[in-house]
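Notes for the one structure printed next.
In what follows, every heavy atom counts, from backbone to side chain, and hydrogens, waters and symmetry copies are set aside. In listed order, ligands and their atoms are each counted from 1. Count residues from 1 along the sequence. Note that the coordinates shown come from a computational prediction; the quantities given were computed from them, not determined experimentally.
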Amino acid sequence: MADLTQYGWNESMKAHYETSENKENSLGRVIADFGYKLKLITEEGETLATVAPRLLQGNGQIRPAAGDWVIFKKFEDQTEPMILEVLPRKTKFSRAAAGIEVKEQVVAANVDVVFLMQSLNQNFNLRRLERYLIAAWESGALPVIVLTKSDICDDTDTKLSQVYEVAKGVDIFAVSAVTGEGLDKVKAYITPGKTVAFLGSSGVGKSTLVNSLSGKELLKTQEVREDDARGRHTTTHRELDLLPDGGVVLDTPGMRTLTLWEAEEGIAEVFGDIEELVKECRFSDCKHQNEPGCAVRAALQNGSLSEKRWENWLKLQKELLYIEGKRNFQVREERKKFQKAISRNQRSVY
Ligand SMILES: Nc1nc2c(ncn2[C@@H]2O[C@H](COP(=O)(O)OP(=O)(O)OP(=O)(O)O)[C@@H](O)[C@H]2O)c(=O)[nH]1
Ligand SMILES: [Mg+2]
Ligand SMILES: [Zn+2]
């Protein structure tokens, strides 16, 4: 028997459950996402489950992801239980899935804190961090930055202050799984009933950190490549585990790229300084090139805005337009399909 409150079950989720038309069925949380199948924790323990085909069709349906609370149907025979419904999410960390079709991929659902991880070696990259921060602010979870492998870095303080400049108002820690530095600071966020997720490139030490926190070899880890310090994509699926002192941890596979799915609010949060500057330009349609009274050019010249940060903002603005365009296209296509279905229906009526 499992106590679901340990896995984060709470009053607000209960309220969703009780108003669901499926409430006669059972309840569980997705603790592992294998793609075509999911592992659930339920009051009766763990079980594998399939997904009702309806949930995989798009059309506003929510496809279950790691961390989701779901309602599932049990069968009398040996058939695997089937997920019928995903309860409304408190938070979701999303990215655009790779592929021709533009689709949202939820990496972590119902997470309270997202640890954005980079290692203090070759993996360290402020522009990538800005991208993760945008997605994190969009998610609704609290972002915390964790810089790993402090034991093999000799300019940790410089890097911490660089991160501070791009992530004002966000907690930033350096940690080491070797010396134990900073582990208590990470632990302080993980309290009973709360869920935290570890996100970042392959090889930064996500699984190693979870193992250190749990005090046992919960997850497999593997050395990074010697030539470029990149990871080997050791973790292959998203997985939730309980820590001995309470709290739920979600380990995730290293992301090669984080293509933004939604970004508008996140960009405003991460680049508030630039958005303020842009408002100060003399002309409201300033292109920030050679116009007189351009506050951006002035800030670049006096060094209060770094060239690289500005370039990243420009790049992300373009990306945002691109995502919006594609998403609008998708919405248009769905509407077309819908209208076609209606007219077919109408034809058959007359
Ligand atoms: N020196 C040092 N090595 C570390 C530290 N944390 C992790 N490592 C090593 O980094 C390598 C990669 O660690 P993993 O925990 O497998 O990395 P991961 O982020 O889970 O990688 P993926 O599962 O591929 O996404 C392993 O060899 C770890 O021993 C640290 O704090 N210091
Ligand atoms: Mg891993
Ligand atoms: Zn300007």
Side-chain angles (χ1 to χ4, degrees), residues 32-33 66 95 107-108 114-125 128 132 145-154 156 159 173-186 196-214 216-241 249-258 271 273-302 304-305 307 310-311 313-314 317:
D33 182 352
R95 62 170 178 168
V107 174
V114 282
F115 291 108
L116 308 179
M117 302 183 51
Q118 289 201 347
S119 63
L120 286 154
N121 59 8
Q122 288 95 314
N123 178 256
F124 185 76
N125 181 318
R128 191 187 314 114
Y132 273 82
I145 295 170
V146 175
L147 304 174
T148 61
K149 311 194 186 183
S150 64
D151 54 289
I152 51 167
C153 176
D154 45 25
T156 300
K159 286 188 170 132
F173 306 120
V175 305
S176 165
V178 174
T179 65
E181 183 196 349
L183 287 185
D184 51 336
K185 290 185 182 141
V186 173
V196 304
F198 298 87
L199 303 169
S201 313
S202 178
V204 299
K206 299 178 293 295
S207 304
T208 305
L209 183 58
V210 173
N211 284 344
S212 306
L213 292 166
S214 78
K216 54 178 190 271
E217 291 291 307
L218 217 48
L219 304 161
K220 202 173 147 223
T221 64
Q222 198 178 188
E223 274 168 25
V224 297
R225 299 198 308 222
E226 242 168 55
D227 46 350
D228 57 4
R230 289 169 92 169
R232 297 167 192 270
H233 292 277
T234 307
T235 304
T236 52
H237 62 269
R238 299 177 255 280
E239 177 176 328
L240 263 78
D241 288 289
V249 288
L250 168 57
D251 186 24
T252 65
M255 283 192 253
R256 284 192 182 83
T257 48
L258 173 58
F271 291 98
D273 54 337
I274 295 185
E275 308 220 322
E276 283 306 310
L277 268 180
V278 166
K279 279 191 221 147
E280 284 169 27
C281 293
R282 188 178 304 158
F283 303 115
S284 60
D285 61 347
C286 187
K287 299 275 183 297
H288 323 296
Q289 274 148 8
N290 298 306
E291 291 95 331
C294 174
V296 173
R297 283 285 134 205
L300 287 169
Q301 259 149 33
N302 72 22
S304 59
L305 172 62
E307 197 72 54
W310 171 244
E311 277 164 15
W313 184 79
L314 286 175
Q317 290 298 317

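Regarding atom 28 (C) of ligand 1, its nearest protein heavy-atom neighbour is T208 OG1, 3.6 Å. In this structure, atom 17 (O) of ligand 1 lies nearest to the protein heavy atom G205 N, 3.2 Å. Nearest protein neighbour of atom 24 (O) of ligand 1, counting heavy atoms only, is S202 OG, 2.6 Å.
For atom 3 (N) of ligand 1, the nearest non-hydrogen atom from the set K149, M255, R232 comes from K149. The option from S176, G203, G254 that lies nearest to atom 21 (O) of ligand 1, judged by heavy atoms, is G203. Counting heavy atoms only, E223 comes closest to atom 27 (O) of ligand 1 of the residues E181, K206, E223.
Shown in contact with A177 at under 4.0 Å from a heavy atom are these atoms of ligand 1, numbered in order with element: 6 (N), 30 (C), 31 (O). Proximity to H233 (heavy-atom distance under 4.0 Å) selects the following atoms of ligand 1: 24 (O). Counting atoms of ligand 1 from 1 in the listed order, those under 4.0 Å from a heavy atom of Q222 are 11 (C), 12 (C), 13 (O), 16 (O), 26 (C), 27 (O).
Around the Mg ion (ligand 2), the two atoms OG1 of T235 and OG of S207 are separated by an angle of 90°, to 10 degrees. Vertex the Zn ion (ligand 3), arms ending at ND1 of H288 and SG of C281: the angle is 100° after rounding to 10 degrees.
In terms of polar-atom proximity, I152 is not counted as a contact of ligand 1, lacking any N or O under 3.5 Å from an N or O of the ligand. By the 3.5 Å distance cut-off applied to N or O atoms, D251 is not counted among the residues near ligand 1. By the 3.5 Å distance cut-off applied to N or O atoms, T252 is not counted among the residues near ligand 1. Every N/O-N/O distance between T148 and ligand 1 stays at or above 3.5 Å. In terms of polar-atom proximity, K220 is not counted as a contact of ligand 1, lacking any N or O under 3.5 Å from an N or O of the ligand.
Considering every non-hydrogen atom in both V107 and R238, the closest pair reads O-CD, 2.8 Å. When every heavy atom of W313 is checked against every heavy atom of E275, the shortest pair comes out as NE1-OE2, 3.9 Å. For the residue pair G200 and K206, the shortest heavy atom distance occurs at O-NZ, 3.2 Å. Residues S212 and L183 approach most closely at CB-CD1, 3.9 Å, considering heavy atoms. The shortest heavy-atom contact between R232 and S202 is N-OG, 3.2 Å.
Within the 4.0 Å heavy-atom cutoff, G231 does not count among the residues contacting ligand 1.
The distance from the Mg ion (ligand 2) to the nearest N/O/S atom of Q222 is not under 2.8 Å. Because the distance cut-off is set at 2.8 Å, T234 fails to qualify as a neighbour of the Mg ion (ligand 2), as none of its N, O or S atoms comes that close.
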Derivation and outcome, side-chain contact (heavy atoms from CB on, under 4.5 Å), residues K185 and V175: CA-CA 9 Å; K185 290 185 182 141; V175 305; over 6 Å; no
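For the pairing with T148, the side-chain contact (heavy atoms from CB on, under 4.5 Å) check across T208, V204, N121, N123 returns one residue only, V204. Among Y132, F173, F198, the single residue meeting the ring pair (Phe, Tyr, Trp, His ring centres under 6.0 Å) criterion with F115 is F198.
For the pair M255/S201, no side-chain contact is recorded, criterion being any heavy-atom separation below 4.5 Å from C-beta on. Residues H237 and D33 are not in side-chain contact: their nearest non-hydrogen atoms beyond the backbone lie 4.5 Å or more apart. Residues L213 and V186 have side chains in contact (heavy-atom distance under 4.5 Å, counting atoms from C-beta outward).
Of all the heavy atoms of D151, the ones lying under 4.0 Å from any atom of ligand 1 belong exclusively to the side chain. If you look at M117 next to ligand 1, there are no close heavy atoms at all, none under 4.0 Å.
For the residue pair D251/S207, the side-chain donor-acceptor check at 3.5 Å is satisfied.
Within a 6.0 Å radius of CZ in R128, other residues, nucleotides and ligands contribute more than 12 heavy atoms.
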